[in-house]
Amino acid sequence: MRRYNPSEIEPKWQQIWEEQKVNEVAVDKDKIKTYAAGMFPYPSGAGMHAGHAFGYTIVDVIARFYRQHGHNVLNPMGWDTFGLPAENYAIKTGTSPQVATATNIANFKKQFKRMGMSIDWSREINTSDPEYYRWTQWIFTKLFERGLAYQKESLQWWCPVDKTVLANEQVEAGHCWRCGTLVEKKAMKQWFFKITEYADSLLEEIPSLDWPQKIKTAQTNWIGRSVGAEIEFAVDGSDDFITVFSTRPDTLFGASFVVLAPEHTLATKLAAGDFKDAAEAYIKEAVKKSEIERTNDTKEKTGVFTGSYAVNPATGEKVPVWVADYVLGGYGTGAVMAVPAHDERDFAFAEKFNLPIIDVIAADPEFGTESVTAEADAAKIYSGEGILINSGQFDGTSTSDAREQIVAWLEQRSLGRAKTTYRMRDWLISRQRYWGAPIPVVHCEVHGAVAVPESQLPVVLPEIEDFAPKGDGKSALARAEDWVNTTCPECGGPALRETDTMDGYACSSWYLLRYTDPKNAEKAWDPETVNYWNPLDFYVGGDHAVAHLLYVRFWTHVFKDMGLVDFKEPVKKLVYHGYINAEDGTKMSKSKGNVVDPLDVIEQGYGADALRTYVLFMGPLELDSSWDSRGIGGIYRFLNRVWTLVQEYSAAEKSFTGNDDAVRTLQHKTIRKVTADYRDLGFNTAIAALMEYVNELYKYKVDGFSDETWGDALRTLVQMLAPIAPHMSDELWVQLGGEVLVQQATWPTWDEALTVENTITVAVQVNGKIRGEIEITKDMEAEAVKELALSHENVLKFVTGEPKKVIYVPGRLVSIVV
RNA sequence: GCGGAUGUGGUGGAAUUGGUAGACACGCUAGUCUUAGGAACUAGUGCCUCCGGGCGUGAAGGUUCAAGUCCUUUCAUCCGCACCA
């Protein structure tokens with residue numbers, strides 16, 4: 001009898017799949033399409049780890065499952081190659097990023113193939129390939145045309161180690177997402193994408209997405225829409241106005257002081273009189289402090305009185321103007337009206353500096369317009385809804401009505417207007433680094449910033465010797481003089497190329513479209529092709545909640561507006577999987593030496609099928625788990641049992657056995673269960689059901705094998721195992737008489753009538769406690785079942801006299817109440 | 001602080017509409033057999049027990065014939081965002 005030997009059969013089938021090009025697909029409108037992709041990897045020098053194996057196995061199983069349903073399945077792969085790690089690695093080792101990247105890709109590709117991934121390799125893309133980034137640049141120019149890419153001077157996050165600016169999304173708790181260094185603020189002229197213009201559009205579509213709630217909430221919070229008003233406070237004795245933003249214009253009558261962010265343009269100007277020196281010193285100090293220092297210490301508020309006053313537009317009262325670092329320069333207008341009675345932060349500030357606290361909202365309508373302040377505990381801040389008090393003509397109005405009425409009242413007097421602000425900022429895309437797609441812009445003395453025309457794309461990244469940043473705020477490209485000096489596409493006059501490169505996230509914001517038309521040399525994509533395959537049916541990943549997943553949505557929304565695609569949302573279903581940690585439960589890392597390399601596991605003899613099955617069996621997709629080297633042994637045992645069962649069947653004398661009915665019922669029940677589990681992406685339970693199936697078949701086989709029923713049962717087993725363990729399945733499929741590859745055979749179906757067993761075990765409860773079991777036939781009447789239950793020996797012990805109530809849940813249990 | 005989850009055996013985890021809690025697997029225990037292997041197979045494995053049964057899904061209440069599942073309160077852990085006005 002042949003032994004299960006994955007290291008022999010796996011390479012064999014991988015070669016056959018490749019030779020037959022079974023995974024290469026084209027547009028076919030007669031078939032249902034399914035487009036499944038994993039978030040493409042950043043091919044690091046370390047190669048793949050168990051987490052990669054997990055994510056891409058999920059994609060592959062989905063792809064194979066739908067292929068077995070006759071769908072036209074696109075499962076592509078590409079490489080996210082631009083970015084800091086590759087460049088830093090290159091600087092460290094002295095090799096060029098181009099060379100290092102090519103080596104790493106070759107390594108990753110080998111691993112993918114050895115894991116049996118059913119990828120259409122004819123569609124492989126690489127973001128650092130000029131044929132790819134040419135179109136990334138083209139998209140930039142289109143955004144530029146529409147005013148969605150612009151340049152502005154502003155304070156930005158700067159990583160002093162990586163010597164580049166970072167997007168907001170790339171700063172994690174004040175530290176650089178790549179190297180962990182404390183970031184600084186630096187004023188620089190930078191390129192931005194105007195994602196804020198799409199804030200509402202992006203927000204609106206979130207509920208329609210079949211994405212994990214976690215991600216949807218994270219995006220909603222990230223966009224952070226706040227509806228409120230801008231309100232003008234005139235500066236007393238000056239023509240200046242302080243514009244504040246508030247979500248609670250209904251509390252305006254309680255605004256007892258105004259607070260400016262230290263960065264506010266009026267902050268220094270308003271420093272006056274005896275307070276001038278102290279205020280200026282505070283402002284200077286606060287601006288210098290890193291953001292992290294400022295936000296870290298949230299308990300103790302600091303601030304300083306400017307010496308100036310502003311006029312509350314509702315009351316006409318003079319209120320002091322303060323400067324404090326709890327007000328953020330970058331949000332709203334950088335100035336707030338402080339209503340200490342109804343805002344915690346303002347309250348803390350007012351208490352510390354002894355500023356007036358005016359109650360303007362009564363929580364309980366029963367208080368009417370009478371102030372509760374006088375006797376109310378001073379420490380009580382009420383930030384909820386209620387009825388206005390101490391608010392002139394608005395007394396008695398509900399807070400929600402007052403919000404509208406007060407804004408309208410201000411608007412009449414040009415002292416305010418409704419305003420919606422967002423927490424999200426525009427996407428900063430300039431990077432002062434070499435290894436990225438050059439921003440396709442030329443700076444002309446006459447015409448300013450001019451987009452490079454399509455005919456001159458790509459702007460190829462020149463190969464240079466020294467690509468390390470020097471910290472002068474410019475990328476190494478600035479030193480490539482031949483490249484920098486060029487002519488203006490508008491006038492032909494002398495001009496300089498933009499030397500910043502684009503954030504790598506730009507490249508990954510449209511690759512899901514390019515996959516569908518990867519070789520198009522005429523345009524970024526053919527609309528018909530893109531609209532056939534897209535949007536993506538399944539997008540599998542375990543990283544990124546906002547950054548990439550927000551950017552890719554943003555670009556697609558823009559493409560829709562530009563008429564380049566027919567859909568707004570790029571990803572229908574987002575499959576978010578957990579991490580695989582090392583055996584000790586900590587994160588796998590190269591430095592700790594606890595990384596599990598999938599290739600090692602395969603080469604130890606377990607094979608790719610066992611690896612794939614194991615990572616899926618560990619638990620539900622979304623949960624984190626820890627690698628357990630013993631667990632894969634159990635999986636290997638299971639695959640061996642499958643193998644052995646088929647060998648025994650093949651070798652056996654076939655005869656009628658008497659267990660055919662039972663085997664058939666088992667088969668149909670299993671098809672129903674496993675099919676549903678696959679569809680719901682419950683791979684762990686699908687595998688468990690297949691194990692149970694095999695265990696049951698082992699029990700039945702002692703009676704011998706019949707030809708037809710057992711052949712069917714085993715072919716079904718092999719087919720249902722095929723998405724997960726494709727190599728073994730193809731091998732056994734042939735052995736069981738299959739004529740084509742398993743993935744080309746139709747998925748088994750079940751007959752509901754055949755899933756019902758002839759005799760069913762029903763539990764009997766007395767007063768909610770299980771007291772016995774009865775065997776009934778499948779057609780037994782409810783009354784007969786109840787009677788049978790009541791005559792059960794053990795049940796009789798607990799039932800004295802006439803039962804109050806007898807409930808029969810068909811096929812499940814009988815509940816007797818006494 | 002806000003938001004999102006998650007709490008089930010020694011471990012990873014299963015449980016349609018509320019309907020026999022612990023599927024499946026790891027581990028463990030005992031046994032069988034042998035070409036001593038990364039074995040394989042068989043049986044057992046939630047806790048307690050006076051062997052009748054009792055108790056069990058973070059905790060406490062509630063609804064129900066019946067609750068891991070629904071409701072109320074509460075505790076713990078993890079993750080995301082964090083002075084966003």
Side-chain angles (χ1 to χ4, degrees), chain A residues 172-174 212-222 224-226 228 244-248 251 255 259 261 294-299 301 324-328 330-339 342-346 348-349 383 421-425 545-546 578-579 604-606 614 617-620 622-638 640-641 644 673 676 682 684-695 698 761-773 797 803-818:
Chain A
E172 295 167 351
Q213 192 52 46
K214 187 172 107 175
I215 309 289
K216 296 211 275 189
T217 312
Q219 292 212 350
T220 306
N221 292 343
W222 187 266
R225 180 182 148 104
S226 294
V244 303
F245 173 72
S246 174
T247 54
R248 295 297 299 271
T251 63
V259 191
R294 273 173 61 176
T295 56
N296 236 354
D297 182 30
T298 57
K299 289 142 264 150
K301 293 222 168 358
D325 63 7
Y326 82 90
V327 176
L328 305 173
Y331 181 75
T333 59
V336 302
M337 61 178 208
V339 187
H342 307 292
D343 182 279
E344 255 181 79
R345 295 152 304 184
D346 297 343
F349 196 80
S383 54
T421 59
Y422 302 89
R423 209 193 72 107
M424 182 171 68
R425 313 293 155 81
V546 280
Y579 287 106
Q604 275 167 38
Y606 289 118
Y614 173 61
F617 187 62
M618 292 204 298
E622 66 277 9
L623 248 56
D624 290 348
S625 49
S626 299
W627 185 266
D628 179 358
S629 53
R630 286 179 304 200
I632 195 162
I635 293 295
Y636 186 75
R637 214 165 300 155
F638 162 63
N640 243 311
R641 274 161 70 80
T644 305
K673 163 76 175 153
N684 56 330
T685 49
I687 293 166
L690 289 170
M691 287 174 166
E692 220 175 329
Y693 184 46
V694 171
N695 291 345
Y698 261 82
T761 308
V762 168
V764 184
Q765 288 185 343
V766 180
N767 285 346
K769 289 205 163 66
I770 300 295
R771 297 299 180 189
E773 280 179 356
K797 285 199 268 179
K804 265 196 211 152
K805 207 194 237 179
V806 181
I807 298 155
Y808 175 48
V809 183
R812 293 270 184 188
L813 58 70
V814 177
S815 183
I816 301 163
V817 190
V818 296

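Chain letters run A, B, ... following the sequence lines, proteins first, then strands; residues in each count from 1. This one's a predicted model, so the numbers in the text were calculated from it and none came from an experiment.
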[X] has a side chain; which of [options] sits nearest to it?
X        : options             : value
A:Ala763 : B:C81, B:U20, B:C26 : B:U20
A:Ala688 : B:A23, B:G4, B:G54  : B:A23
A:Glu692 : B:A85, B:A25, B:A23 : B:A23
A:Asp628 : B:U20, B:C26, B:G3  : B:C26
A:Gln213 : B:G27, B:A5, B:A23  : B:A5

Spacing of the [atom1] atoms in [M] and [N] (rounded, Å):
N     : M     : atom1 : result
B:U8  : B:U42 : P     : 31 Å
B:C50 : B:A39 : P     : 39 Å
B:A21 : B:U74 : P     : 30 Å
B:A76 : B:C24 : C1'   : 29 Å

> Crowded around A:Glu344 CD? As in, over 12 foreign heavy atoms under 6.0 Å?
Replying inline: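 Atom CD in A:Glu344 is not packed in, count stays at 12 or less.
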> Is it true that atom NZ of A:Lys216 has more than 12 heavy atoms of other residues, nucleotides or ligands lying nearer than 6.0 Å?
Replying inline: yes
> Under 3.5 Å, is there a donor-acceptor pair linking the side chains of A:Asn221 and A:Arg423?
Replying inline: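 No, no side-chain donor-acceptor contact under 3.5 Å.
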What contact category does [X] fall into here, base, sugar-phosphate, or nothing, at under 4.0 angstrom with non-hydrogen atoms?
X        : answer
A:Gly634 : sugar-phosphate
A:Arg425 : base
A:Glu344 : nothing
A:Glu773 : base
A:Thr761 : base

Does OP1 or OP2 of [N] have a side-chain N or O of [X] closer than 4.0 Å?
X        : N     : answer
A:Arg423 : B:A85 : no
A:Arg637 : B:A40 : yes
A:Asn640 : B:A39 : no
A:Arg771 : B:G54 : yes
A:Arg812 : B:U16 : no

> Can you say whether the rings of A:Tyr326 and A:Phe349 are parallel (under 30°), tilted (30 to 60°) or perpendicular (over 60°)?
Replying inline: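 The rings of A:Tyr326 and A:Phe349 sit tilted, inter-plane angle from 30° to 60°.
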>> Can you work out whether A:Ser246 or A:Gln604 has the more 5'-proximal nearest nucleotide on RNA chain B?
In response: A:Gln604
> Just by protein heavy atoms under 4.0 Å, how would nucleotides 45-51 of chain B read 5' to 3' in B, S and -?
Replying inline: -------
>> Under 4.0 Å, heavy atom to any atom of RNA chain B: which of residues 330-339 of chain A qualify?
In response: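 The stretch gives A:Tyr331, A:Val336 as the residues lying under 4.0 Å from the strand, ordered by number.
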Below 3.5 Å between N/O atoms, which protein atoms pair up with nucleotides 12-15 of chain B? Just atom names and distances, please.
from	atom 1	to	atom 2	distance (Å)
B:G12	O2'	A:Met618	O	2.8
B:A14	OP1	A:Asn684	ND2	3.2

May I have the list of side-chain donor-acceptor pairs in residues 804-818 of chain A shorter than 3.5 Å, sequence neighbours left out?
from	atom 1	to	atom 2	distance (Å)
A:Tyr808	OH	A:Gly811	N	3.2

>> For B:G12, does the O4'-C1'-N9-C4 or O4'-C1'-N1-C2 angle fall within 90° of 0, making it syn, or is it anti?
In response: anti
>> Syn if the chi torsion is within 90° of 0, anti otherwise; quick check, which is B:G9?
In response: syn
>> Once pairs are restricted to Watson-Crick or G-U wobble with both distances under 3.5 Å, how does RNA chain B read as a dot-bracket string, [ ] for crossings and | for other-strand pairs?
In response: (((((((..(((......[....)))((((((.......))))))(((....)))..(((((..]....))))))))))))....
Expressed as a whole number of angstroms, how long is the span from [X]:[atom1] to [N]:[atom2]?
X        : N     : atom1 : atom2 : value
A:Tyr326 : B:A82 : OH    : C1'   : 17 Å
A:Arg641 : B:C41 : CZ    : C1'   : 9 Å
A:Leu328 : B:C81 : CG    : P     : 16 Å
A:Ile215 : B:C81 : CD1   : C1'   : 13 Å
A:Tyr693 : B:C24 : OH    : P     : 16 Å
A:Lys214 : B:C79 : NZ    : P     : 11 Å
A:Asn695 : B:U42 : CG    : C1'   : 13 Å
A:Ile770 : B:G53 : CD1   : P     : 14 Å

Give each protein N/O atom lying under 3.5 Å from an N/O atom of nucleotides 62-67 of chain B, with the pair distance.
from	atom 1	to	atom 2	distance (Å)
B:C65	OP1	A:Lys805	NZ	3.4
B:C65	O2	A:Ser815	OG	2.6

